[in-house]
Amino acid sequence: MEDAGEFLSATSGAPKAWSEPRVLVYGDAKEVARAAAERFVQLCREFISGEGAFHVALSGGKTPQLLYQLLAGDEFRSQIDWSSVHVFWGDERGVPPEHPESNYGMVRRELLSRVSIPRKNVHRMEAERADFEQAARDYEEILRRLLPTDAQGFPRFHLILLGLGLDGHTASIFPSGSGWREALGWVNVPDVESSGVRRMTLNLSVLNAAYRVIFLVTGDNKADILRRVVKDREQRLPAQCVRPVEGELLFVVDAAAGARLRGTAP
Ligand code: 6PG
């Protein structure tokens with residue numbers, strides 16, 4: 001394990017000088033999943049002992065599936081007090097829960113169906129509803145009811161897990177979408193479709209209100225975009241704009257995705 005950058009940690013109030021976010025590089029995707037599972041358990045314990053609950057927004061896509069499988073396994077499942085964990089989603093596709101594209105469906109299959117988390121602690125985005133906007137407003141109400149807010153009034157997750165798309169998107173905040181930088185709501189329905197499916201997403205301000213944000217990035221196809229996101233000082237892409245205001249940002253990546261992080265070559 002190497003630490004390829006300095007920690008971008010909370011310095012509340014002071015203007016955040018740009019510094020490269022912290023990146024932990026592991027041998028392969030399995031080691032990434034294990035490192036993430038260990039941090040998940042550590043953060044669970046920290047926040048449950050400190051605040052009585054652990055509010056986590058999970059990521060969709062393929063990368064986190066190994067992590068969810070580990071957390072559901074004998075080694076990690078018993079280390080977590082699931083009765084105090086509240087699970088949310090960073091984004092969802094506009095499909096029913098049983099659809100193969102559903103992020104909720106994937107997490108239910110890989111994790112929730114195998115741990116003793118109370119149903120009332122599982123808060124999925126109802127992105128399949130015909131009234132998409134109302135479904136987004138209803139999700140905001142859940143956040144308003146369950147989460148504390150930061151000084152700017154945005155809901156604070158203890159942990160938000162994120163993935164990184166090849167175009168620099170994260171959650172369902174796509175560079176091709178309009179208004180993603182200044183979106184005012186907490187939950188948005190961007191005017192983009194990905195693989196022909198509408199999306200619902202937490203907006204950038206909610207991502208940046210989190211106590212901890214962890215990106216999981218693996219695979220050599222992500223090496224170029226990861227370098228841009230970690231090293232590029234301009235913030236042109238959604239993933240480049242994830243800079244927690246009072247929180248900590250961490251990239252947990254495998255050697256293949258991290259292959260271009262060393263050196264200063266553009
Ligand atoms: C989604 C995710 C999305 C994902 C990236 C990376 O709903 O698909 O929220 O942001 O994290 O596209 O996806 P992979 O992990 O499959 O590469």
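Proximity of a side-chain donor or acceptor of Y139 to a complementary backbone N or O of H123 within less than 3.5 Å is detected. Within the 3.5 Å criterion, the main-chain N or O of G94 finds no donor-acceptor partner in the side chain of R198. Although no hydrogens or angles enter the test, the distance criterion places a donor-acceptor pair under 3.5 Å between the side chain of N121 and the main chain of V85. Remark: the backbone N or O of D91 is paired with a side-chain donor or acceptor of N103 at under 3.5 angstrom. Side-chain atoms of D150 come within 3.5 Å of backbone atoms of Q152 as a donor-acceptor pair (strictly under, hydrogens ignored). Here the side chain of S102 pairs no donor or acceptor atom with the backbone of E98 at under 3.5 angstrom. With hydrogens and angles ignored, the 3.5 Å screen pairs no side-chain donor or acceptor of T201 with any backbone N or O of N188.
Heavy atoms only, all atoms of each residue included: N203 and A183 are closest at ND2-O, 3.0 Å. Taking both residues in full, the closest heavy atoms of L147 and P155 are given as CD1-CB, 3.8 Å, listed atom of the first, atom of the second, then distance. Between W89 and A57, the shortest heavy-atom distance links the atoms C-CB, 4.2 Å. A pairwise comparison of heavy atoms in P238 and P175 identifies CG-N, 3.7 Å as the closest pair. Closest approach of G247 and R156 over heavy atoms only: N-NH2, 4.3 Å.
Scored by the side chain to side chain contact (heavy atoms under 4.5 Å, CB included) test, E31 finds Y26, D28 as partners (sequence neighbours excluded).
Side-chain contact check for W82 versus C44: every heavy-atom pair is 4.5 Å or farther apart. By the 4.5 Å heavy-atom criterion applied to side chains, V242 and L204 are counted as neighbours. Contact annotation: the side chain of Y104 approaches that of V122 to within less than 4.5 Å [non-hydrogen atoms, C-beta and beyond]. When side chains are defined from C-beta on, L71 does not count as touching V115, because their heavy atoms never get closer than 4.5 Å. Between F88 and L146 there is a side-chain heavy-atom pair separated by less than 4.5 Å. Within the 4.5 Å cutoff, no side-chain heavy atoms of T218 are placed close to those of L66. At least one side-chain heavy atom of R39 sits less than 4.5 Å from a side-chain heavy atom of L24. For the pair R45/Q79, a side-chain contact is recorded, criterion being any heavy-atom separation below 4.5 Å from C-beta on.
Clustering of Ile, Leu, Val, Met, Phe, Trp and Tyr by side-chain heavy atoms under 4.5 Å joins V95 with V197.
No salt bridge links D224 with R227; every basic N to acidic carboxylate O contact stays at or beyond 4.0 Å.
Between R137 and the choices E140, Q134, E141, the side chain to side chain donor-acceptor pair (under 3.5 Å) rule is met once, by E140.
L58 and I48 fall within the same hydrophobic cluster, where Ile, Leu, Val, Met, Phe, Trp and Tyr residues are linked whenever their side-chain heavy atoms come under 4.5 Å apart, directly or through other members. The hydrophobic cluster containing W180 does not contain V192, counting ILVMFWY residues as joined when their side-chain heavy atoms lie under 4.5 angstrom apart, directly or transitively.
Taken to the nearest 0.5 Å, the CZ atom of R109 stands 8.5 Å off from the CD atom of Q69. The distance from the CD1 atom of I117 to the CG atom of L111 is 7.5 Å, given to the nearest 0.5 Å. Taking CZ of R145 as the start and CG of L143 as the end, the distance is 9.5 Å to the nearest 0.5 Å. In this structure, CG on D167 lies 7.0 Å from CD1 on I225, to the nearest 0.5 angstrom. Atom CD of Q65 sits about 4.5 Å away from atom CE of M106, to the nearest 0.5 Å. Here the straight-line distance linking atom CG of L249 with atom CZ of R212 works out to 11.5 Å at 0.5 Å rounding.
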- Please test F40 against L70 for side chain to side chain contact (heavy atoms under 4.5 Å, CB included), starting from the C-alpha separation and ending with a verdict. CA-CA 11 Å; F40 189 99; L70 264 185; over 6 Å; no
Distance-only check: which donor-acceptor pairs under 3.5 Å involve side-chain atoms of residues 157-166, not counting sequence neighbours?
from: H158; atom 1: ND1; to: H55; atom 2: N; distance (Å): 2.9
from: H158; atom 1: NE2; to: E51; atom 2: OE1; distance (Å): 2.8

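If you look at F47 and Y211, their ring centroids are closer than 6.0 Å.
Ring pair W186/F154 is tilted by interplanar angle, where 30° to 60° counts as tilted.
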